[in-house]
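What you see is a predicted model; the values in this text were computed from it and never measured. We count ligands from 1, going down the list as the structure has it; atoms in each ligand are counted the same way.
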Amino acid sequence: MNTALNAARRAEELAALAAGEVVDVLVVGGGVTGTGIALDAAARGLSVALLEAHDLAFGTSRWSSKLVHGGLRYLAKGDVGLAHESAVERGILMTSTAPHLSRALPQLIPLQSTVSRGTAAFMAAGLRAGDALRRAARTPSALLPPPRRVSAPEALALAPGLRSSDLRGGLLSFDGQLTDDARLVVALARTAAGFGAKILTRAPVTALTGTGAEVLDGSRHIEVRARTVINAAGVWAGKLVPSVRLRPSLGTHLVVSADTAGLGGAALTVPLSGSRSRFVLLLPQADGLVYLGLTDEPFDGEIPDVPVAPQSDVDFLLEMASSVLARPLTTADVLGSYAGLRPLLDAPGRSADLSRKHAVLRSPDGVLTIVGGKLTTYRRMAEDAVNAAVTEGNLQAGPSPTRRLPLVGAAPRPVLSTLDAPARLKAKYGTEAPEVAALDPTPLAPNLPITAGEVEWAIRKEGAMNAEDVLHRRTRLGLVPTHLKAAEPTVTTLLTNAASLALRQGESRSPTV
Ligand SMILES: Cc1cc2nc3c(=O)[nH]c(=O)nc-3n(C[C@H](O)[C@H](O)[C@H](O)COP(=O)(O)OP(=O)(O)OC[C@H]3O[C@@H](n4cnc5c(N)ncnc54)[C@H](O)[C@@H]3O)c2cc1C
């Protein structure tokens with residue numbers, strides 16, 4: 001099984017497609033949805049090509065809150081089916097497909113004077129219902145413990161930065177958290193490649209039909225032929241298939257330091273005043289950062305490649321977080337920000353209320369488009385999309401095996417804990433961590449833990465083609481502009497060295513700086 005993605009493999013596989021090879025399933029889009037589909041189809045024995053305009057996880061899939069949701073929010077809206085689907089998929093991801101990339105995240109709702117006793121009782125009942133979903137999905141309580149009320153001292157021990165003057169306790173619950181969303185996408189793409197899928201980045205599709213696509217490779221146009229075509233281009237899906245109508249909504253996160261926010265390992269869930277089911281989240285990350293999000297605002301107009309956080313969102317998030325902290329956060333505390341667009345299906349109503357359900361749509365010429373959904377349910381979305389493709393193309397394939405298919409690097413938690421590698425690397429690379437640890441351990445810059453060896457791994461195994469891929473997607477250094485600036489020169493040098501080595505070894509395509 002060759003799971004390595006790199007420039008040499010890309011060149012070879014693109015040449016095969018340009019020479020007329022016909023694949024069973026052509027997927028457009030290298031986000032969590034497209035890579036999930038490529039894996040599902042390839043694991044069923046179908047031949048697959050995936051075309052991504054930029055890089056893996058270039059779109060919305062890298063701008064999420066990085067949560068593997070148990071579906072509580074959908075339960076609050078009365079959508080039991082979607083809530084149950086989320087809880088089931090969370091369990092599969094955390095116990096079977098990607099234990100290495102996920103962990104149980106303690107989440108605390110602080111009970112201060114702004115939260116009435118009635119609202120607290122309502123939220124506690126909601127958390128108990130969420131736990132019932134966990135039990136129905138058979139996710140062990142050893143992994144995600146049941147919710148409970150905690151005292152004020154316990155709440156402060158979990159989040160020392162909380163305002164204590166009116167703190168009467170908190171509601172503690174557990175949900176799933178990813179090490180990083182972009183790393184999940186890379187793991188999916190590599191696992192698909194291990195089953196023979198051709199994963200081609202820097203391959204923008206300019207036109208799509210039910211039997212193939214026109215792709216731009218530099219300045220040359222290539223026709224790729226396929227028995228079925230799945231459009232998984234997220235918020236850009238309507239550009240390829242105009243009959244697809246989306247209502248994108250923008251979500252913003254800020255990046256602050258955990259020390260500044262006064263957070264330990266637990267997240268803070270801050271109820272929005274006037275709402276019992278909408279919250280602002282302070283989400284601690286493994287690297288001493290906290291992501292503070294998130295907003296949900298309708299987005300009109302041309303879809304940008306990289307959305308920008310509006311100042312009004314920044315102000316709103318700072319105000320909400322400050323409302324529960326002893327020391328209010330200001331713009332001076334913001335280390336970075338990011339924003340993403342949800343690919344929601346068009347329907348009447350406020351964007352925050354639009355369903356997160358997914359749908360597989362068929363255009364008159366037979367292109368299948370998958371829209372909606374979320375990161376947590378990518379596996380189920382992929383299964384549904386490939387089932388539709390099998391029917392559409394009358395393809396010979398069995399049922400989806402992905403429920404029990406570990407991604408590259410995955411292993412049961414007890415096995416991961418015995419690996420001889422730093423915890424930071426295990427959470428990023430799983431069983432491959434010892435191999436990464438054996439590479440050059442020099443940090444990219446003082447105070448940044450990421451090593452030269454990780455950059456080498458990104459180029460050799462993870463399909464990184466240039467410094468941007470490394471800085472913004474294989475690592476998330478790009479989320480904090482000062483970290484980006486500090487690491488960029490070393491990453492550029494490492495890329496230049498890798499490119500000249502590849503040229504000396506006669507590889508037809510090499511990474512570029
Ligand atoms: C702010 C925010 C927070 C979120 N938080 C969570 C969360 O915590 N948990 C959760 O489960 N979900 C979350 N979601 C939802 C989740 O992130 C998305 O549903 C999911 O990432 C969408 O993935 P996708 O693959 O469909 O789209 P994308 O990731 O956008 O992928 C589409 C890809 O298609 C490519 N593409 C576009 N046009 C072309 C073309 N012509 N040719 C080739 N390629 C093309 C793009 O470059 C892109 O890489 C969040 C969403 C947002 C916006």
Visitor: Applying ring-ring contact (aromatic ring centres under 6.0 Å, His included), name anything that partners Tyr74, two or more places apart in sequence or on another chain.
Guide: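 By the ring-ring contact (aromatic ring centres under 6.0 Å, His included) rule, Tyr74 matches no residue at all.
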Visitor: What's the spacing between Thr35 OG1 and Asp40 CG if we round to 0.5 Å?
Guide: 11.5 Å
Visitor: Hey, are Asp55 and Thr201 close enough side-chain-wise for a donor-acceptor pair under 3.5 Å?
Guide: no
Visitor: Under a 4.0 Å heavy-atom cut-off, which residues neighbour ligand 1?
Guide: Val28, Gly29, Gly30, Gly31, Val32, Thr33, Leu51, Glu52, Ala53, His54, Phe58, Gly59, Thr60, Ser61, Trp63, Ser64, Ser65, Lys66, Leu67, His69, Ala203, Pro204, Val205, Ala232, Ala233, Gly234, Trp236, Leu240, Gly251, His253, Leu294, Gly340, Leu341, Arg342, Gly373, Lys374, Leu375, Thr376
Visitor: Could you tell me whether Arg62 sits above the aromatic face of Phe58, with NZ or CZ closer than 6.0 angstrom to the six-membered ring centre and within 45 degrees of the axis?
Guide: yes
Visitor: Quick one: pull up CG in Leu250 and OG1 in Thr60 and give me the separation to the nearest 0.5 Å.
Guide: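 Here the interatomic distance stands at 9.5 Å.
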Visitor: Check each of Arg473, Arg183, Lys428 against Glu462 using the salt bridge (Lys or Arg N to Asp or Glu O under 4.0 Å) test, and report the only one that passes.
Guide: Arg183
